[in-house]
Visitor: 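Once you've had a glance at the structure underneath, I'll fire off some questions.
Below, each value reflects all heavy atoms present in this structure, side chains not excepted, and no hydrogens, waters or symmetry copies. Counting starts at 1 for both ligands and their atoms, in listed order. Every value quoted in this text rests on a predicted model; they were computed, and no experiment measured them.
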Amino acid sequence: MSLRLGDIAPDFEQQSSDGPIRFHQWLGDSWGVLFSHPADFTPVCTTELGLTARLKDEFTKRNVKAIALSVDPVDSHTKWIHDINTTQKTIVNFPILADADRKVAELYDLIHPNASTTATVRSLFVIDPAKKIRLTITYPASTGRNFDEILRVIDSLQLTDSHSVATPGNWKDGDDVVIVPSLQDPELIRKKFPKGYTAITPYLRLTPQPNKP
Ligand code: BEZ
């Protein structure tokens with residue numbers, strides 16, 4: 001059965017380009033981004049892995065560890081990483097799971113037989129420090145992911161976990177946010193949102209992002 005939001009991300013032990021990994025232990029108290037690739041030595045994946053490496057500081061700032069997966073063995077990953085480093089002008093600074101026995105692919109439902117019986121789909125999971133799955137996205141093999149969007153969703157999750165807000169469509173860090181409809185107590189609203197808010201309708205109340213100066 002496929003994994004759903006709020007499910008605990010399945011734990012596993014698997015080989016990787018950085019040695020064997022016990023997933024939950026490796027995550028520790030961090031957020032995680034686990035993302036799968038159709039195969040090694042594929043052009044779109046090469047750009048995605050390069051992008052992820054170059055975004056290291058952005059992931060670190062948000063307490064996020066990235067980990068990739070493809071169903072090829074470690075020696076193949078090692079050769080591919082050399083290509084990625086050279087062509088994408090970066091250093092791959094995160095592990096790539098070597099899921100040759102498809103252990104993780106099966107746990108995370110990454111083979112979609114009507115798309116391909118052998119290659120993993122281009123899926124991505126955001127996992128929080130409680131090991132809960134907070135975002136799942138699956139792209140077609142021919143479309144590379146937008147990692148700015150992944151960072152944007154992580155910003156939204158981290159913000160909305162700690163304040164009584166949700167983020168509107170196309171929101172980005174620093175934009176106004178909406179006060180959750182369940183919050184109705186005027187005194188509490190004043191306390192939580194000292195900068196005030198604008199009620200466009202009784203249920204659409206905009207307020208400046210509360211964790212910004
Ligand atoms: C790629 O990852 O580069 C790719 C995979 C399947 C089809 C086209 C591109």
Visitor: Determine whether I96 and F147 fall in the same hydrophobic cluster, where Ile, Leu, Val, Met, Phe, Trp and Tyr are linked whenever their side-chain heavy atoms lie under 4.5 Å apart.
Guide: yes
Visitor: With side-chain contact (heavy atoms from CB on, under 4.5 Å) as the criterion, how do V178 and Y203 come out once you've worked through the C-alpha distance, each side chain's angles and the decisive distance to 0.1 Å?
Guide: CA-CA 9 Å; V178 299; Y203 58 85; over 6 Å; no
Visitor: Just to verify, what does H37 make a ring pair (Phe, Tyr, Trp, His ring centres under 6.0 Å) with, not counting sequence neighbours?
Guide: F35
Visitor: Identify the protein atoms, limited to N or O, that lie within less than 3.5 Å of an N or O atom of ligand 1, and list each pair with its distance to 0.1 Å.
Guide:
| residue | atom | partner | partner atom | Å |
| --- | --- | --- | --- | --- |
| ligand 1 | 2 (O) | T42 | OG1 | 3.3 |
| ligand 1 | 2 (O) | R122 | NH2 | 2.9 |
| ligand 1 | 3 (O) | P43 | N | 3.0 |
| ligand 1 | 3 (O) | V44 | N | 2.5 |

Visitor: Have D40 and S70 got a donor and an acceptor in their side chains that come within less than 3.5 Å?
Guide: yes
Visitor: Only pairs at least two apart or in different chains count here, so list each salt bridge (charged side-chain N to carboxylate O under 4.0 Å, His left out) that has a residue in residues 71-93.
Guide: none
Visitor: Tell me, please, which residues at least two apart from F23 pass ring pair (Phe, Tyr, Trp, His ring centres under 6.0 Å).
Guide: F12
